[in-house]
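Report on one structure; see the data block that follows.
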Amino acid sequence: MDFPTLVTALLVLFPAWLLGKRALRSWAMRTFTAVPDLQRAGTPRKYGRVAGTAVVCGGSIGGLFAARLCADHFERVVVVEPESWTFTPEARAPPVDNIAEVVKDDATYKTIKHKRTRVYQYTSIHGYQTLLLDTLRQLFSDFEDVAQSFGAFIAPADPYALLNGKHLWPTAWAQYGDAGLPNTIQCSRRTLEPMLRKLVSTSRPEIEYVQGTVTDYVLGDGGSIRAVVLRDADGASQKVECALAVDCTGVAQIGFKLLSRALPNILPSDIREQYNPQMNYSTFDFPAIPGFNDALRAMNIPRPDGGKYLDVEKLSAFFIYQPDPTVEHRSLVFMRRENGGVMILAGGWASEMPVTVDELRDFVSKLKNLDRVPKHVFPLLDIFKEYEHTATVSESRINSCSRLHYARAAKVLPRNFVALGDSHMRMNPRFGEGTTKAALSALTLDGVLRDLSPQDPSFGATFFKRLDSRTGQVWDGVKYADYGHVATTPASGESLTDGKFARWFNGKLYAAVETSPATSSALWHVGQFIAPPLDLFAPAVLRAILRETVWPSS
Ligand SMILES: Cc1cc2nc3c(=O)[nH]c(=O)nc-3n(C[C@H](O)[C@H](O)[C@H](O)COP(=O)(O)OP(=O)(O)OC[C@H]3O[C@@H](n4cnc5c(N)ncnc54)[C@H](O)[C@@H]3O)c2cc1C
């Protein structure tokens with residue numbers, strides 16, 4: 001090739017390569033994340049509102065996000081929720097704790113009594129990702145003021161996290177320099193839900209709330225749900241005609257039960273996948289401890305990469321220990337919550353559940369890779385011991401994770417039926433992803449509503465296909481990690497040897513986080529739901545995995 005031809009070829013090929021790379025990135029973001037939908041969310045619908053009513057079944061996290069977004073698309077939005085307490089002013093205000101005493105074996109501890117009886121995890125520790133905060137900011141113009149009035153803590157999502165004993169944080173952080181990593185919100189679940197309810201009710205006062213239990217769907221012509229039937233607070237049956245039925249009934253997964261009844265012998269038998277990770281853990285909840293930040297500062301917590309001391313006031317989590325279940329069954333999280341409080345998670349696969357600080361200390365001392373546990377963890381335990389009398393504890397057992405593969409029933413599902421949040425997928429909460437996933441699913445619904453009318457025969461199928469691309473890998477990743485622990489009962493037709501490659505790959509990713517900035521950055525961004533999981537297969541990450549395979553680090 002002569003020189004001018006080479007120059008011409010380069011002039012054509014280089015921009016083509018750049019354009020191709022950009023197109024691939026845009027496709028990956030569109031397909032595997034909800035970030036492009038987030039950018040459009042909250043803006044007016046192009047072609048006017050859809051005639052009729054969107055009926056949102058369930059008024060918790062998924063239902064509230066769905067209702068807020070549907071209000072941009074439909075003439076009328078109705079939320080059906082059975083729990084009477086959610087209709088009180090208390091359910092839109094910061095929580096007021098009622099405490100009760102529990103006696104367990106030879107230990108006594110205090111726990112929070114609340115009125116949210118249908119949400120099992122109401123007092124369990126909740127962590128959230130960047131996408132959740134971004135969604136709250138995009139949808140609610142008064143978010144910062146409301147979050148402040150609920151005492152929520154907003155700070156870089158930079159958990160001082162150990163993945164199998166390796167620090168995730170420093171290399172991902174280095175990418176953002178002094179600005180720190182993008183922010184997340186930290187607050188307990190019993191603060192997040194009332195805060196979201198307040199944000200939705202003030203920003204969209206036209207949304208109607210009906211107290212009732214959804215009991216049936218009335219099917220209409222042309223493969224649709226014509227009406228949602230509910231039993232109201234007086235026990236009477238009511239029918240609400242609907243243009244769209246959104247199932248947000250959480251673990252009750254009412255949509256699936258009603259469709260199975262309405263379409264007997266028509267739904268494929270492999271829609272519902274379920275397994276049991278036997279995940280048990282305790283949540284310790286400390287209200288603000290006097291002088292806590294000063295005590296933390298005095299600990300001179302070093303950056304894990306040996307740099308200057310951490311700015312403890314901006315630290316959202318003091319310690320996260322996420323193990324590989326083939327090696328260790330114990331997980332630990334120490335993190336901030338609203339109003340200066342601290343929450344702790346201690347537990348894991350078929351794990352013991354500490355309910356006193358002495359038991360917690362014993363639990364920490366049994367961790368494998370104990371030499372990698374940061375030095376500040378033990379003085380923190382001393383502080384927690386001193387303030388144990390102020391703490392409450394709650395115990396959680398997660399013995400059923402399930403995913404509804406609605407895309408497998410695309411041909412027979414009513415076109416205007418969608419399900420999101422836990423009614424579509426209830427994951428092992430060890431990475432704390434359920435709430436962000438509910439927001440992601442509602443954003444996905446918003447995106448589909450901007451492209452299609454619910455009268456379109458492909459509406460529901462399009463929604464479930466997009467949702468599967470964005471949540472399927474999260475499900476598989478968590479499930480196959482769970483299969484690494486012998487106590488897990490696998491899904492029907494599977495065995496604990498399934499997902500061997502995924503576990504091997506994950507082990508190598510974790511092993512590479514301290515030495516490969518590309519790997520820690522990809523893990524961090526994918527984990528925050530703001531980058532596609534495809535990034536975990538980027539050339540620099542694959543090189544790090546190859547290096548770990550040939551020359552494993554200690
Ligand atoms: C122990 C535990 C810890 C968790 N930790 C985290 C965490 O750290 N971070 C995180 O993000 N997520 C976590 N999760 C998951 C998170 O709590 C859920 O993903 C989230 O609550 C899902 O919201 P949802 O609206 O889909 O369902 P839910 O919050 O379960 O709400 C379902 C709603 O449906 C209503 N309902 C039920 N039946 C009917 C009916 N027949 N008709 C109408 N309405 C009905 C209920 O009253 C309720 O309001 C955890 C879960 C558990 C179990």
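One-based numbering, in listed order, for ligands and for the atoms of each.
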Distance under 4.0 Å to a non-hydrogen atom of V214: what atoms of ligand 1 satisfy this?
40 (C), 41 (N), 42 (N), 43 (C)
Show which atoms of ligand 1 fall inside a sub-4.0 Å distance from at least one heavy-atom site of S60.
25 (O), 28 (P), 29 (O), 31 (O), 32 (C), 33 (C), 48 (C), 49 (O)
Check whether the ring centres of W475 and Y275 lie less than 6.0 Å apart, and answer yes or no.
yes
With only distance considered, is R426 within less than 3.5 Å of ligand 1 through an N or O on each side?
no
Which of the atoms of ligand 1 are close to G58, meaning less than 4.0 Å from one of its heavy atoms?
34 (O), 35 (C), 43 (C), 44 (N)
Please confirm whether F284 and F384 have ring centers closer than 6.0 angstrom.
no
Distance flag, aromatic centroids of F463 and Y406, threshold under 6.0 Å
no
Ring centres of Y281 and F363 under 6.0 Å apart?
no
Minimum-distance protein heavy atom relative to atom 30 (O) of ligand 1:
G250 CA, 3.7 Å
When you measure from the centre of the six-membered ring of Y209, is the NZ or CZ of R92 closer than 6.0 Å and no more than 45° off the axis?
yes
Nearest to atom 48 (C) of ligand 1 by heavy atom, E81, M279, H126, R430: which?
E81
How about R189 and S60: does a side-chain donor come under 3.5 Å of a side-chain acceptor?
yes
Write out the residue and atom name of the closest protein heavy atom to atom 3 (C) of ligand 1, then the distance separating them to 0.1 Å.
Y281 OH, 2.9 Å
Specify whether Y480 and Y483 have parallel, tilted or perpendicular ring planes, treating 30° as the upper limit for parallel and 60° as the lower limit for perpendicular.
perpendicular
Is there a polar contact between ligand 1 and Q121, counting only N or O atoms under 3.5 Å apart?
yes
Give a yes/no verdict on whether any heavy atom in F431 is under 4.0 Å from an atom of ligand 1.
no
Just heavy atoms, cut-off under 4.0 Å: does I125 contact ligand 1 by side chain, backbone, both, or neither?
backbone
Check ion pair K104-E395 (N to O, under 4.0 angstrom)
yes
As a test of understanding, state which of V377, V373, L367, L345 forms a side-chain contact (heavy atoms from CB on, under 4.5 Å) with L332.
L367
At less than 4.0 angstrom from any non-hydrogen atom of G432, what atoms of ligand 1 do you find?
7 (C), 8 (O), 9 (N), 10 (C), 11 (O)
Give the residue and atom name of whichever protein heavy atom lies nearest to atom 37 (C) of ligand 1, and the separation in Å to one decimal.
T249 O, 3.7 Å
Would H424 count as a contact residue for ligand 1, given that I'm defining contact as a non-hydrogen atom of the residue lying under 4.0 Å from a ligand atom?
no
Parallel, tilted or perpendicular, as decided by the 30° and 60° cut-offs, for the rings of H114 and Y122:
tilted
Of all the heavy atoms in K437, does at least one lie under 4.0 Å from an atom in ligand 1?
no
Which atoms of ligand 1 are found less than 4.0 Å from any heavy atom of T213?
40 (C), 41 (N), 42 (N)
With the side chain counted from C-beta on, respond yes when L443 and V35 share a heavy-atom pair under 4.5 Å apart, and no when they do not.
no
Specify side chain, backbone, both or neither for E433, according to which of its non-hydrogen atoms lie closer than 4.0 Å to ligand 1.
backbone
A student checking ligand 1 against D422 at a 4.0 Å heavy-atom cut-off should list atoms 18 (C), 19 (O), 22 (C), 26 (O)
Using a heavy-atom cut-off of under 4.0 Å, does the side chain or the backbone of S396 touch ligand 1, or both, or neither?
side chain
Can you list the atoms of ligand 1 that are under 4.0 Å from a heavy atom of I61?
23 (O), 25 (O)
Under 4.0 Å, heavy-atom basis, I'd like to know which part of L132 is in contact with ligand 1: side chain, backbone, both or neither.
neither
Of the choices S394, G62, G434, which has the non-hydrogen atom that lies closest to atom 24 (P) of ligand 1?
G62
Under 4.0 angstrom from ligand 1, any heavy atom of R116?
yes
Mode of T435 contact toward ligand 1 - side chain, backbone, both, neither (heavy atoms, under 4.0 Å):
both
Among V214, V56, D247, V78, which residue satisfies the side-chain contact (heavy atoms from CB on, under 4.5 Å) criterion with V228?
V214
Would you say the side-chain atoms of H73 pair up with the backbone N or O of A71, donor to acceptor, closer than 3.5 Å?
no
Here's a test for you: under side-chain contact (heavy atoms from CB on, under 4.5 Å), which of S396, S282, S394 qualifies with M353?
S282
Output yes when the distance from some N or O of ligand 1 to some N or O of I254 is under 3.5 Å, and no in every other case.
no
Going by heavy-atom distance to atom 44 (N) of ligand 1, choose the closest among P82, A419, A252, C401.
P82
Atoms of ligand 1 less than 4.0 Å from V80 heavy atoms?
43 (C), 44 (N)
